[in-house]
Amino acid sequence: MTLKIGIAGTGWFGMMHAEKLARLEGVEIAAFTATSQQKAEAAAAKYKGALGFDSLTDMLDAVKLDAVYICVPPFAHGSMELALAERGIPFLVEKPIGVDLETPSAIVKAVSDKGLITSVGYHFRYMDGTRRAKELLGDRQLAMALGYWMGGMPGVSWWRSMAGSGGQFVEQTTHIVDLLRFVAGEVKEVYAAYGSRVMAGKEENVTVPDVGSVVLKLESGVIATISNTCAIPAGDRSGLHLYTDKGVLELGHGGLTDIAAGVRTEYANANDPYDAENAAFLHAVRTGDTSLIASTYSDAWKTHQVTMAANQSALTGVPVILEKS
């Protein structure tokens, strides 16, 4: 069975997914939609038989698709997911799933009502190191966690606008929040402090904070702190450190480091998490078996609520209590 895939968005993520999917047996890149016909057709020209459209509706009306990848900026979410849910077409959507609470709330209800197959691009969940960390935590008591996402400000205009991206904690650091949830459990309370130290004075139209720290209380009693900055020109890194009764688990892009008394063990990430993410989603589309999907839309909605709670707390100066999952 050859799956016909449509891709919404022709930026880095959209083309990265297209390139990976095109290499798979039994997968056809059938169509692209973009903000202009020219962009869509330019992307489609790279794949035999693919068509380009300037609207999702036109793409869905013209081509019978088995699934769609949604790779658009955070502010552009909403109508695409709802249209796919209405037509019963499975989708994989890149994070974050929005810049507010109202839009994803409507989408999570729509996909739930339809029983639709969905996946969200929290690819850190598919890393070898992440699976190993979950295994090791099975017989260790987790006390606290420290997460971080430190780097510079992306050059696209929408990213530096709160209305466009939701800010760094929502757009980037959401990966670390999601990783924490995946390995340590649900968050019940959030307190955040943000600041604007550098970038607003260096770049035009910057409305996002460029530094922030967030304290999270988990339902288990674990305390976590996640900090981020988009103000540094070098030294960028991201990860999650888990402090247990047997030592420290340091989880990042390269893999997992297990640090115990007198012993240091390295577990490198041998797999490509994007490939694993795609395999899980396509398997579900083919068979209906969603067990390999590590992040469904309804699960990603919980991560999004945490990041939005951080924004709210930073704005009001008081902690935000989340509803128990």
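Being a predicted model, the structure only gives us computed values, none of them experimental. We number each residue from 1, following the sequence as shown.
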Atom [atom1] in [X], atom [atom2] in [Y]: separation rounded to 0.5 Å?
{"X": "Tyr243", "Y": "Ile259", "atom1": "OH", "atom2": "CD1", "result": "8.0 Å"}
{"X": "Leu146", "Y": "Ile176", "atom1": "CG", "atom2": "CD1", "result": "12.0 Å"}
{"X": "Ile89", "Y": "Glu81", "atom1": "CD1", "atom2": "CD", "result": "13.0 Å"}
{"X": "Arg181", "Y": "Thr303", "atom1": "CZ", "atom2": "OG1", "result": "4.0 Å"}
{"X": "Phe281", "Y": "Thr118", "atom1": "CZ", "atom2": "OG1", "result": "8.0 Å"}
{"X": "Leu249", "Y": "His241", "atom1": "CG", "atom2": "NE2", "result": "10.0 Å"}

Indicate yes or no for a side-chain donor-acceptor contact from [X] to the backbone of [Y] under 3.5 Å, with no hydrogens or angles considered.
{"X": "Glu94", "Y": "Val72", "value": "no"}
{"X": "Asp128", "Y": "Ala270", "value": "yes"}
{"X": "Thr307", "Y": "Val170", "value": "no"}
{"X": "Asn228", "Y": "Thr173", "value": "no"}
{"X": "Ser313", "Y": "Ala309", "value": "no"}
{"X": "Thr33", "Y": "Phe53", "value": "yes"}
{"X": "Asn311", "Y": "Gly166", "value": "yes"}
{"X": "Glu41", "Y": "Gly52", "value": "no"}
{"X": "Asp289", "Y": "Leu292", "value": "no"}
{"X": "Ser55", "Y": "Asp58", "value": "yes"}

Item to check | side-chain hydrogen bond (donor to acceptor under 3.5 Å, both in side chains) partners for Asn269, two or more places apart | outcome: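 Checked Asn269 against side-chain hydrogen bond (donor to acceptor under 3.5 Å, both in side chains); zero matches.
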
Checklist entry - Considering residues at least two apart in sequence or located in another chain, which fulfil the side-chain hydrogen bond (donor to acceptor under 3.5 Å, both in side chains) criterion with Thr296? => result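 Thr296 satisfies side-chain hydrogen bond (donor to acceptor under 3.5 Å, both in side chains) with Ser298 only.
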
Are side-chain heavy atoms of [X] and [Y] found at a separation under 4.5 Å?
{"X": "Glu203", "Y": "Arg160", "answer": "yes"}
{"X": "Leu142", "Y": "Leu218", "answer": "no"}
{"X": "Leu136", "Y": "Thr244", "answer": "no"}
{"X": "Leu65", "Y": "Met59", "answer": "yes"}
{"X": "Trp159", "Y": "Gln168", "answer": "yes"}
{"X": "Phe169", "Y": "Val177", "answer": "yes"}
{"X": "Ser227", "Y": "Met150", "answer": "yes"}
{"X": "Trp158", "Y": "Pro74", "answer": "yes"}

When you look at [atom1] of [X], are more than 12 heavy atoms from neighbouring residues, nucleotides or ligands closer to it than 6.0 Å?
{"X": "Arg237", "atom1": "CZ", "answer": "no"}
{"X": "Glu86", "atom1": "CD", "answer": "no"}
{"X": "Arg197", "atom1": "CZ", "answer": "no"}
{"X": "Lys4", "atom1": "NZ", "answer": "no"}
{"X": "Glu204", "atom1": "CD", "answer": "no"}
{"X": "Lys109", "atom1": "NZ", "answer": "no"}
{"X": "Glu266", "atom1": "CD", "answer": "yes"}

Checklist entry - For the side chain to side chain contact (heavy atoms under 4.5 Å, CB included) test, which of Val99, Val120, Ile97, Asp299 pairs with His304? => result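 Going through Val99, Val120, Ile97, Asp299 one by one, the side chain to side chain contact (heavy atoms under 4.5 Å, CB included) with His304 is satisfied by Ile97 alone.
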
Item to check | Residue of the set Leu84, Leu92, Ile7 for which side chain to side chain contact (heavy atoms under 4.5 Å, CB included) holds with Ile70 | outcome: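 Checked Leu84, Leu92, Ile7 against Ile70; only one passes side chain to side chain contact (heavy atoms under 4.5 Å, CB included): Leu84.
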
When clusters are formed by joining ILVMFWY residues with side-chain heavy atoms under 4.5 Å apart, either directly or through shared neighbours, do [X] and [Y] land in the same one?
{"X": "Leu242", "Y": "Tyr267", "value": "yes"}
{"X": "Trp12", "Y": "Tyr69", "value": "no"}
{"X": "Val183", "Y": "Val248", "value": "no"}
{"X": "Val27", "Y": "Phe32", "value": "yes"}
{"X": "Tyr191", "Y": "Leu322", "value": "no"}

Item to check | Glu323 bridged to Lys188 by N-O distance under 4.0 Å | outcome: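 Looking at Lys188 together with Glu323, the answer is no, because their closest N to O distance does not fall below 4.0 Å.
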
Checklist entry - Are any of the side-chain nitrogens in Arg87 or Asp61 under 4.0 Å away from the carboxylate oxygens of its partner? => result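 Yes, this pair counts.
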
Next on the checklist: If only side-chain N and O atoms count, and only distance matters, is there a donor-acceptor pair under 3.5 Å linking Asp258 with Thr265?
Outcome noted: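 Looking only at side-chain atoms, Asp258 and Thr265 do not form any donor-acceptor pair under 3.5 Å.
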
Item to check | Under 3.5 Å side-chain donor-acceptor pair for Tyr122 and Thr174 | outcome: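 There is such a pair (donor and acceptor under 3.5 Å, judged by atom type) between the side chains of Tyr122 and Thr174.
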
Next on the checklist: Before you tell me yes or no, could you show the steps for Tyr126 and Asp275 under side-chain hydrogen bond (donor to acceptor under 3.5 Å, both in side chains), namely the whole-Å CA-CA distance, both residues' side-chain angles and the distance that decides it to 0.1 Å?
Outcome noted: CA-CA 9 Å; Tyr126 296 88; Asp275 288 342; over 6 Å; no

Give me the atom names and distance for the closest heavy-atom approach of [X] to [Y].
{"X": "Gly88", "Y": "Leu116", "result": "C-CD1, 3.4 Å"}
{"X": "Arg140", "Y": "Lys246", "result": "CG-CD, 3.7 Å"}
{"X": "Glu277", "Y": "Gly121", "result": "OE2-CA, 3.0 Å"}
{"X": "Ala231", "Y": "Val198", "result": "CB-CB, 3.9 Å"}
{"X": "Thr2", "Y": "Asp66", "result": "O-OD2, 3.7 Å"}
{"X": "Asp236", "Y": "Gly151", "result": "CB-CA, 3.6 Å"}

Checklist entry - Where do Phe182 and Phe124 land on the ring pair (Phe, Tyr, Trp, His ring centres under 6.0 Å) test, with the steps shown first? => result CA-CA 10 Å; Phe182 189 56; Phe124 283 41; over 10 Å; no

Checklist entry - salt bridge (charged side-chain N to carboxylate O under 4.0 Å, His left out) with Asp245: which residues, sequence neighbours excluded? => result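 Applying salt bridge (charged side-chain N to carboxylate O under 4.0 Å, His left out) to Asp245 gives none.
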
Item to check | Derivation of the side-chain contact (heavy atoms from CB on, under 4.5 Å) call for Arg125 and Arg131 | outcome: CA-CA 8 Å; Arg125 290 191 176 208; Arg131 290 196 295 271; over 6 Å; no

Next on the checklist: Below 30° counts as parallel, above 60° as perpendicular, anything between as tilted: where do the rings of Trp149 and His175 land?
Outcome noted: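 Parallel: the ring planes of Trp149 and His175 meet at under 30°.
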
Item to check | Parallel, tilted or perpendicular: ring planes of Tyr274 versus His123, cut at 30 and 60 degrees | outcome: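 Judged by the thresholds at 30° and 60°, the geometry between Tyr274 and His123 is parallel.
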
